[in-house]
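Report on the structure given below.
When a ligand or atom number is given, it counts from 1 through the structure's own listing order. In this chain, residues are counted from 1 in sequence order.
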Amino acid sequence: MSPIILYNHDGSPPCCLVRLVAGVLGLELKKVDISDIENGMRNPEMLKKNPQHTIPTIEDDGLVITESRAIAMYLVSRYAKDDSLYPKELQRRVLVDQRLFFDQDLYNRIMAVCNPLFYGKTVAESDADRMKDGLDTLSRMLDGKQWLAGDHVTLADYAVAVSLATLEYNPEFAIDAAKHPNITQWISRLEESSNTYREHIELFFETVRKATEEEKKNAQQK
Ligand SMILES: N[C@@H](CCC(=O)N[C@@H](CS)C(=O)NCC(=O)O)C(=O)O
């Protein structure tokens, strides 16, 4: 079987989710690194494959799939030995689905406090408030719970944890353990649950740190 192709960037949070899920499932990925997304994904060949011009994009047996959460659902549905990460039973699956849809919204809120930094702009107060409101919601979801959807780790936990890891781009908004103990304790549980999880998140953090340092150096030289 030929390996699944992943159009990837190590500093991209949604790509991190796909790498993490593939890693947990023990799948081999052939990474095609797209360092310049503008040129790498907006050329005619790639736009034909992915009109959204986004990474992650995967190709598996000629099937092109975009959207990190859809890719994660596909990988589990096709390749996992059991359905624990993404249950087949409707009543359990819909719990994961609702958290994954919540996660897309949370990720957008998080990006709204990270994106301005890439362009040397300040974060709008309304965006900061919306992001904090998203964290408050997540904290309530975790109240009295070990995991986000059901009694064990699912795709929902991985997706939301990767979205939160994105805050490494703007540490001013890092999760405060005193304010959100439900969230920090849940992240610790995830870290303890799997070496693969830790390795993939660490690779993402390292990439972000290097990029941020590079950015600072370039700014000083100007
Ligand atoms: N909802 C999408 C978001 C993907 C996304 O925005 N990827 C960024 C890189 S982190 C990208 O490709 N941006 C380029 C563009 O939108 O043209 C997913 O989860 O896959």
Side-chain angles (χ1 to χ4, degrees), residues 4-25 27 29-60 63-78 85-86 96-119 121 123 127 130-131 134 138 148-149 154-170 173 197 200-212 214-215:
I4 300 162
I5 298 170
L6 169 67
Y7 297 92
N8 172 69
H9 188 292
D10 284 346
S12 153
C15 290
C16 175
L17 175 63
V18 172
R19 294 191 305 266
L20 165 61
V21 172
V24 169
L25 298 177
L27 297 172
L29 291 177
K30 186 177 161 201
K31 290 201 286 183
V32 177
D33 282 314
I34 306 285
S35 49
D36 176 353
I37 304 179
E38 186 67 29
N39 289 318
M41 296 305 286
R42 284 189 195 245
N43 59 65
E45 188 199 344
M46 288 311 293
L47 281 173
K48 213 168 170 188
K49 289 184 180 174
N50 175 5
Q52 262 180 291
H53 46 76
T54 49
I55 52 169
T57 295
I58 67 159
E59 282 184 60
D60 186 23
L63 180 65
V64 176
I65 312 174
T66 66
E67 287 294 335
S68 56
R69 295 161 195 80
I71 296 170
M73 292 160 163
Y74 166 80
L75 292 178
V76 173
S77 304
R78 176 155 187 198
L85 285 177
Y86 192 49
V96 180
D97 286 339
Q98 73 184 4
R99 295 302 187 236
L100 288 172
F101 281 88
F102 161 76
D103 175 55
Q104 176 67 75
D105 178 58
L106 179 67
Y107 177 70
N108 290 341
R109 292 178 189 218
I110 288 172
M111 283 310 291
V113 302
C114 294
N115 265 333
L117 265 69
F118 305 144
Y119 305 103
K121 295 191 173 149
V123 175
D127 287 333
R130 273 175 57 74
M131 201 285 290
L138 176 61
L148 270 172
T154 64
L155 285 184
D157 296 287
Y158 289 148
V160 174
V162 169
S163 292
L164 294 187
T166 307
L167 288 169
E168 190 75 8
Y169 278 112
N170 188 351
F173 289 91
Y197 171 82
H200 283 275
I201 292 289
E202 201 38 57
L203 168 69
F204 173 73
F205 282 153
E206 254 176 57
T207 310
V208 174
R209 279 180 216 127
K210 274 188 204 149
T212 312
E214 199 66 30
E215 194 61 41

Can we say Arg209 and Glu202 salt-bridge, meaning some charged N sits less than 4.0 Å from an Asp/Glu carboxylate O? yes
Identify, with sequence neighbours excluded, every residue that meets side chain to side chain contact (heavy atoms under 4.5 Å, CB included) alongside Leu117. Val123, Asn170
Applying salt bridge (Lys or Arg N to Asp or Glu O under 4.0 Å) as the test, list every pair that has at least one member in residues 154-165; sequence neighbours left out. none
Just say parallel, tilted or perpendicular for the rings of Tyr197 and Tyr158, cut-offs at 30° and 60°. parallel
How would you list, by chain and number, every residue that makes a side chain to side chain donor-acceptor pair (under 3.5 Å) with Asn43, sequence neighbours excluded? none
Under 4.0 Å from ligand 1 - residues by heavy atom, chain and number: Ser12, Pro14, Ile37, Arg42, His53, Thr54, Ile55, Pro56, Glu67, Ser68, Arg69, Gln104
Starting at CZ of Arg42, measure out to OG1 of Thr54 and round the result to the nearest 0.5 Å. 10.0 Å
